[in-house]
Amino acid sequence: MVESGLLNFFESFAKKESLFLSKKALQSSYIPETIHHRDEQVKKIANVLAPALRHDKPSNLFIYGKTGTGKTSTTKYVIKNMQYAAKGKNIPLEIFYLNCKLKRTADTEYRLMAQLASFFGKAVPPTGLPTDEVYKIFFDVVDKKRQTVILVLDEIDQLVNKAGDGVLYNLTRINDDLSNSQISLIGISNDLLFVDNLDPRVKSSLSEEEVVFAPYNALQLQSILKERVELSFKKGVIGEGVIEKCAAYSARDHGDARRALELLRVSGEIAERNGNQKVKIEHIDEAEDSIEKDRVFETIKTQPKQHQAALYSILSLQSKQNLIFTGEIYDFYKQICGKINLRPLTQRRISDILAELDVFGIINTKVISKGRYGRTREISLSINKSTIPHIKKILEEGLDL
DNA sequence: AGGTATTCACATGAAACTATTCTCTGAGTTAGG
DNA sequence: TAACTCAGAGAATAGTTTCATGTGAATACCTGT
């Protein structure tokens with residue numbers, strides 16, 4: 001017995017023409033053939049790194065700029081070309097790109113060194129060894145032959161604020177001990193103030209050279225979008241003013257190209273799902289809404305139970321009063337824990353959890369003083385009111401309330 | 001009235017602890033010669 | 001005697017707890033007018 005409604009759906013779905021050619025060029029990992037509006041930066045990075053092709057040590061380089069300004073793409077682009085050039089001339093050059101933010105990859109000193117060692121073919125167990133042992137393994141394998149190594153550490157601020165700047169200090173000094181090889185560092189960060197909190201020695205050696213990526217303006221975003229549209233959408237699918245609006249949206253908050261592309265992709269998907277032949281401006285609004293919602297639902301779903309319980313407390317209290325304080329949440333939270341048989345954490349910890357939820361953009365917290373009545377966090381929800389029931393349901397499922 | 005001191009209810013920091021996952025080492029055991 | 005097994009020591013890490021210290025302004029308390 002086949003459900004005819006569903007069958008119809010699948011049939012018409014298959015018949016429906018896709019608006020996309022390929023979504024590859026809309027993904028943030030895509031590296032275009034030519035990088036637009038970043039000539040200056042490309043030139044500068046290339047200039048700094050070029051000595052490697054003559055077996056001289058390139059200066060360390062520090063790159064910063066907000067998210068979605070093309071730091072990573074541009075860097076990868078230069079690297080790719082360099083590797084190609086080096087290969088052609090048989091120059092011993094190794095370039096590694098590492099994203100320090102990826103959990104369980106390179107976010108601690110141990111894991112960073114382990115990753116590096118494994119790049120050189122020495123697998124290191126994920127735990128169990130002393131850190132200096134791993135360091136030594138890396139050192140030995142690098143120094144085995146004469147070569148220039150360039151290390152690109154993306155989101156280097158994440159590494160430092162988890163593991164401290166000792167790692168960088170060691171890495172910048174490693175050249176003194178290496179006899180055959182030489183290592184240069186490229187640090188990429190989207191936190192402009194990040195270098196200021198660094199050990200001065202690390203700071204000066206890491207930022208021998210600097211490159212800054214300014215946000216794209218609306219016009220630049222438009223031209224980037226146009227190029228990607230050619231590659232990813234079928235001809236004539238994009239309606240009047242769509243690109244302009246996407247660009248304007250993203251230029252408004254710090255010129256984030258990644259967001260602009262995502263917006264465009266989701267708009268396309270929505271149009272396609274609705275059976276439209278063209279992507280229209282209305283779809284963009286819908287897309288923005290849906291991206292935001294998905295983000296929130298996703299983060300909430302993946303939170304640990306304790307966080308969910310805390311958030312549930314906030315939602316419950318929020319229906320009664322607009323502003324909530326830490327103490328109230330903690331009391332409510334303890335009740336919930338009793339109900340669902342969860343070991344309650346200390347208030348100290350809940351305080352941190354609230355701060356974390358704030359960072360996720362699920363709640364807004366502000367530390368205020370109520371004078372005689374103490375100091376506390378003033379908490380309000382930063383999510384759309386209409387989604388609250390849905391979120392509550394998600395939480396109730398997660399906590400089996 | 002104006003100025004100072006208190007006080008509250010947490011925030012914020014640092015260190016220590018716990019549980020888990022994993023390696024390495026060396027003692028004890030087993031099996032084959 | 002070589003190979004194997006297995007428990008125990010030692011690491012890294014995430015998530016907490018414990019302990020200690022910090023803090024901003026509404027109130028309480030003075031003080032001199």
Side-chain angles (χ1 to χ4, degrees), chain A residues 98-118 121-141 155 157-171 193 197 199 299-314 317-318 321-338 340-360 362-380 382 398-399:
Chain A
L98 256 179
N99 189 325
C100 305
K101 194 177 150 190
L102 297 177
K103 289 233 165 191
R104 298 170 199 287
T105 306
D107 56 346
T108 66
E109 178 164 17
Y110 182 97
R111 297 213 262 247
L112 176 66
M113 297 322 282
Q115 271 295 315
L116 296 179
S118 77
K122 277 263 184 205
V124 174
T127 169
L129 297 183
T131 305
D132 19 336
E133 190 73 20
V134 183
Y135 193 78
K136 232 183 89 204
I137 293 174
F138 168 68
F139 186 91
D140 289 344
V141 76
E155 316 231 20
D157 44 331
Q158 300 286 328
L159 172 69
V160 169
N161 85 54
K162 258 197 80 175
D165 51 12
V167 202
L168 296 183
Y169 182 67
N170 288 336
L171 275 176
L193 301 171
N197 308 323
D199 182 317
T299 37
I300 289 175
K301 254 186 236 166
T302 53
Q303 290 298 307
K305 280 213 164 160
Q306 300 287 4
H307 293 58
Q308 291 189 347
L311 183 57
Y312 188 77
S313 312
I314 297 171
L317 288 167
Q318 197 266 346
Q321 57 200 89
N322 224 342
L323 294 175
I324 325 165
F325 306 108
T326 308
E328 298 165 353
I329 292 172
Y330 188 62
D331 290 341
F332 199 96
Y333 158 82
K334 272 197 293 194
Q335 287 175 33
I336 299 227
C337 284
I340 62 173
N341 227 348
L342 190 66
R343 192 174 59 86
L345 302 176
T346 46
Q347 180 157 331
R348 174 71 186 81
R349 180 63 188 136
I350 292 300
S351 177
D352 280 348
I353 287 178
L354 293 176
E356 285 168 35
L357 291 175
D358 186 18
V359 172
F360 282 128
I362 300 171
I363 59 175
N364 268 320
T365 77
K366 201 167 105 199
V367 178
I368 55 154
S369 176
K370 293 193 288 173
R372 192 70 213 259
Y373 306 106
R375 226 163 104 85
T376 182
R377 273 202 180 82
E378 186 183 85
I379 293 157
S380 58
S382 66
L399 298 167

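Any value given below was found using the heavy atoms of this structure, including those in side chains, with hydrogens, waters and symmetry copies removed. Naming convention: chains lettered A, B, ... in sequence-line order (proteins, then strands); numbering from 1 in each chain.
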Between dT17(C) atom P and Q306(A) atom CD, what is the distance in whole Å? 8 Å
For nucleotides 8-12 of chain B, give me every protein contact, N/O to N/O, under 3.5 Å, one pair per line with atom names.
from	atom 1	to	atom 2	distance (Å)
dC8(B)	O4'	R372(A)	O	2.9
dC8(B)	O2	G371(A)	O	3.1
dC8(B)	O2	G374(A)	N	2.9
dA9(B)	N3	R375(A)	N	3.1
dC10(B)	O5'	G327(A)	N	3.3
dC10(B)	O4'	R375(A)	O	3.3
dA11(B)	OP1	T326(A)	OG1	2.6
dA11(B)	OP1	R377(A)	NH1	3.3
dA11(B)	OP2	S351(A)	OG	2.9
dT12(B)	OP2	R377(A)	NH2	2.6
dT12(B)	O4	R348(A)	NE	3.4

What nucleic acid atoms does K366(A) come within less than 4.0 Å of, heavy atoms only: base, sugar-phosphate, or nothing? nothing
I314(A) vs L354(A) side-chain heavy atoms within contact, under 4.5 Å: yes
Integer-rounded Å distance: dG15(C) C1' and L342(A) CG: 14 Å
Below 4.5 Å, heavy atoms only, C-beta onward: do Y110(A) and L129(A) meet side chain to side chain? yes
May I ask you to evaluate whether R343(A) reaches the phosphate of dT17(C), defined as a side-chain N or O under 4.0 Å from OP1 or OP2? yes
A163(A): partners by side chain to side chain contact (heavy atoms under 4.5 Å, CB included), with sequence neighbours left out: L159(A), V167(A)
Any sub-3.5 Å donor-acceptor pair from S382(A)'s side-chain atoms to I362(A)'s backbone N or O? yes
Could you state the CD-P distance from E356(A) to dG15(C), rounded to the nearest angstrom? 8 Å
Counting just side-chain N and O atoms, does T108(A) come under 4.0 Å of either OP1 or OP2 of dT13(C)? yes
Quick check: on DNA chain C, is the nucleotide nearest T127(A) upstream (toward 5') of the one nearest D107(A), or the reverse? Name the residue that is more 5'. T127(A)
Under a 4.5 Å cut-off applied to non-hydrogen side-chain atoms, are Q306(A) and I353(A) in contact? yes
To the nearest Å, how far apart are H307(A) NE2 and dA14(C) C1'? 11 Å
Spacing of L129(A) atom CG relative to dA9(C) atom C1', expressed in whole Å: 14 Å
Write down the distance between CD (Q115(A)) and P (dA12(C)), rounded to a whole number of angstrom. 17 Å
In Å, rounded to the nearest 0.5 Å, how long is the span from CG of D140(A) to NZ of K122(A)? 8.0 Å
Please give, in whole Å, the distance from dA9(C) P to E133(A) CD? 21 Å
Rounded to the Å, how far apart are R349(A) CZ and dA14(C) P? 12 Å
With side chains defined as the heavy atoms from C-beta onward, is the minimum distance between L98(A) and L116(A) less than 4.5 Å? yes
